[in-house]
*Asks:* 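Please read through the structure below; I'll follow up with questions.
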Amino acid sequence: MTETEKLLSMAPGGIAPESNYLDDELMLIDNVKLLGLPDAVQPNMNIIAICLKGKLHAELDGEPLEISAHEIFICPPETRVTNLMVTPDFEYQALCITNRALQLFLRSYINVWNQVTYVKKIRIYSMNDEDIDFYAKVYDLLRVCLRKSEDQNAKDYQREMIKGLLSTVLIGFCFFMSRQTDVREESSRQNISLFNQFLNLLQTTPQKHQTVDYYASKLYISSKYLTVICKKNSGKTANEWIREYTLSDITYYLRNTEVSIKEVSSKLGFPNTSFFGKYVKEHLGCTPVEYRTQV
């Protein structure tokens, strides 16, 4: 049992760690300390957290963040929540779900999610009492469905119940997001689809430091076309997206792990530590060793 699993099993109101997961793609948590642990949530998981009471102050990739009661917070993959501080009365519920599962449940509505989450980068939404009550009840229902059962037949039913619940709730949440955000229909759905595929590929590729040609080839399009699509849908080039996600992983490994600099360089796809050091120096203003020491 990992340290995270131990904390999950001891968390107030928590449930057994085995019951918190469904095929390693879903996790429910209500212990704020878990969000601050490097291994508590998989890097490829989206966090959808609802603040029921109190306030939370934190940093999201180094930027200040404040969440109050009746607000819902979206934390996409490869995003780091650090320096957590909460009021004594703080209560929240969170659903953590992988991109793969999210795409499965949202299907065609994944475009709305990606446009709002990755392009507009809206992280906090205000909810009324009815919205909060609805999602709190769904969270409780999901926990019931995730209860451990030795009956294989029951497990099969639970799995399908969870799929149905998640699909309904996530599609409903996309509608909720679209009501509060100006998500306009684009003239070219193909361009949006390719842009979403690029973001997903970027999120799920461990060695993120690759050329635009590499990612374009995976999508069976030219690098020039990929850059045009990215610029049109987000205002940023494909190279800028690659750099953003690469730096996010670099800062994570140097800040939150004891992985050696050589290993970090290899994990992210750099040809050698010398090139990696120059890259970090250029974009973070210091060497990997200095950056790790300063944090």
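Note that the numbering runs from 1 along the sequence shown for the chain. All values below come from the heavy atoms of this structure, side chains included, with hydrogens, waters and symmetry mates left out.
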*Asks:* Answer whether the closest heavy-atom distance between the side chains of Tyr214 and Gln207 falls below 4.5 Å.
*Replies:*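 No; the side chains remain at least 4.5 Å from each other.
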*Asks:* Which word best sums up how the rings of Phe195 and Phe198 line up, parallel for under 30°, tilted for 30 to 60°, or perpendicular for over 60°?
*Replies:*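 Answer is tilted, since the angle falls between 30° and 60°.
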*Asks:* Does Arg123 use its side chain to pair, donor to acceptor, with the backbone of Pro76 at less than 3.5 Å?
*Replies:*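 No, because the side chain of Arg123 does not come within donor-acceptor range (under 3.5 Å) of the backbone of Pro76.
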*Asks:* Is there a path of hydrophobic side-chain contacts, each under 4.5 Å between heavy atoms of I/L/V/M/F/W/Y residues, joining Phe175 to Phe105?
*Replies:*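 Different clusters.
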*Asks:* With a 6.0 Å cut-off on ring centres, are Phe276 and Tyr279 close enough?
*Replies:*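 Not under 6.0 Å, so no.
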*Asks:* Is there a donor-acceptor contact under 3.5 Å from the side chain of Ser248 to the main chain of Glu244?
*Replies:*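 Not confirmed, Ser248 side chain does not pair with Glu244 backbone.
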*Asks:* With a 4.5 Å limit on heavy-atom distance, are the side chains of Ile67 and Phe90 in contact?
*Replies:*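 No; the side chains remain at least 4.5 Å from each other.
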*Asks:* Can you tell if the side chain of Tyr109 reaches within under 4.5 Å of the side chain of Leu170, non-hydrogen atoms only?
*Replies:*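 Tyr109 does not reach Leu170 side chain to side chain.
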*Asks:* Apply the side chain to side chain contact (heavy atoms under 4.5 Å, CB included) test between Ile50 and each candidate in Ile72, Asp131, Val138, Leu95; give the one that qualifies.
*Replies:*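 Of the listed residues Ile72, Asp131, Val138, Leu95, the side chain to side chain contact (heavy atoms under 4.5 Å, CB included) partner of Ile50 is Ile72.
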*Asks:* Ignoring hydrogens, what is the shortest heavy-atom contact between Leu226 and Leu219? Give both atom names and the distance.
*Replies:*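 Minimum heavy-atom separation between Leu226 and Leu219: CD1-CD1, 4.0 Å.
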*Asks:* So which atom in Leu268 and which in Pro206 form the shortest heavy-atom distance, rounded to 0.1 Å?
*Replies:*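 Looking at all heavy atoms of both residues, the shortest contact is CD2-O, 3.7 Å.
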*Asks:* Ala58 and Leu84: which non-hydrogen atoms are nearest, and at how many Å?
*Replies:*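 Here Ala58 and Leu84 meet closest at CB-CD2, 3.6 Å.
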*Asks:* Yes or no on side-chain hydrogen bond (donor to acceptor under 3.5 Å, both in side chains) for Asp89 and Thr87, after CA distance, side-chain angles and deciding distance?
*Replies:* CA-CA 5 Å; Asp89 60 337; Thr87 57; 2.7 Å; yes
*Asks:* Could you tell me whether a side-chain N or O of Ser265 sits under 3.5 Å from a main-chain N or O of Ile261, the two making a donor and an acceptor?
*Replies:*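 A pair under 3.5 Å: no.
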*Asks:* A side-chain contact here means heavy atoms from C-beta on lying under 4.5 Å apart; do Leu106 and Ile171 qualify?
*Replies:*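 Yes; the side chains approach each other to less than 4.5 Å.
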*Asks:* For the residue pair Asn46 and Trp113, establish whether any side-chain heavy-atom pair is separated by less than 4.5 Å.
*Replies:*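 A side-chain contact exists here, since the closest heavy-atom pair is under 4.5 Å.
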*Asks:* I need the minimum non-hydrogen distance between Thr204 and Asn200, along with the two atoms involved.
*Replies:*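 Shortest heavy-atom contact: OG1-O, 2.8 Å.
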*Asks:* Could you tell me whether a side-chain N or O of Ser167 sits under 3.5 Å from a main-chain N or O of Gly164, the two making a donor and an acceptor?
*Replies:*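 Between the backbone of Gly164 and the side chain of Ser167 there is no qualifying donor-acceptor contact (under 3.5 Å).
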*Asks:* Taking side chain as C-beta onward, heavy atoms only, is Leu56 less than 4.5 Å from Cys51?
*Replies:*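 The answer is no; the side chains never approach within 4.5 Å.
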*Asks:* Quick one: do Leu141 and Tyr157 end up in the same hydrophobic cluster if we chain Ile, Leu, Val, Met, Phe, Trp and Tyr together by side-chain heavy atoms under 4.5 Å apart?
*Replies:*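 Shared cluster, no.
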*Asks:* Ignoring hydrogens, what is the shortest heavy-atom contact between Thr287 and Lys281? Give both atom names and the distance.
*Replies:*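 Shortest heavy-atom contact: N-CD, 4.2 Å.
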*Asks:* Looking at Thr237 and Cys230, what are the two nearest heavy atoms and their distance?
*Replies:*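 So the minimum-distance heavy-atom pair works out to C-CB, 4.0 Å.
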*Asks:* Would you say Leu247 ends up clustered with Tyr291 if hydrophobic residues are merged whenever their side chains have heavy atoms under 4.5 Å apart, either directly or through other cluster members?
*Replies:*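 Result: yes, single cluster for both.
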*Asks:* What is the ring orientation for Phe270 with Phe275, classed by angle as parallel under 30°, tilted 30 to 60°, or perpendicular over 60°?
*Replies:*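 Because their plane-to-plane angle lies in the 30° to 60° range, the rings of Phe270 and Phe275 count as tilted.
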*Asks:* Do Asp133 and Asp129 come close enough that some side-chain heavy atom pair is under 4.5 Å?
*Replies:*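 With C-beta onward as the side chain, the pair stays apart.
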*Asks:* So Met177 and Thr117, do their side chains get closer than 4.5 Å, heavy atoms only?
*Replies:*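 Side chain of Thr117 against side chain of Met177, heavy atoms only: contact under 4.5 Å found.
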*Asks:* Taking Tyr253's backbone N and O only, do any of them form a donor-acceptor pair with Arg292's side chain (distance below 3.5 Å, no angle check)?
*Replies:*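 Yes; judged by distance alone, with no hydrogens or angles, the pair exists.
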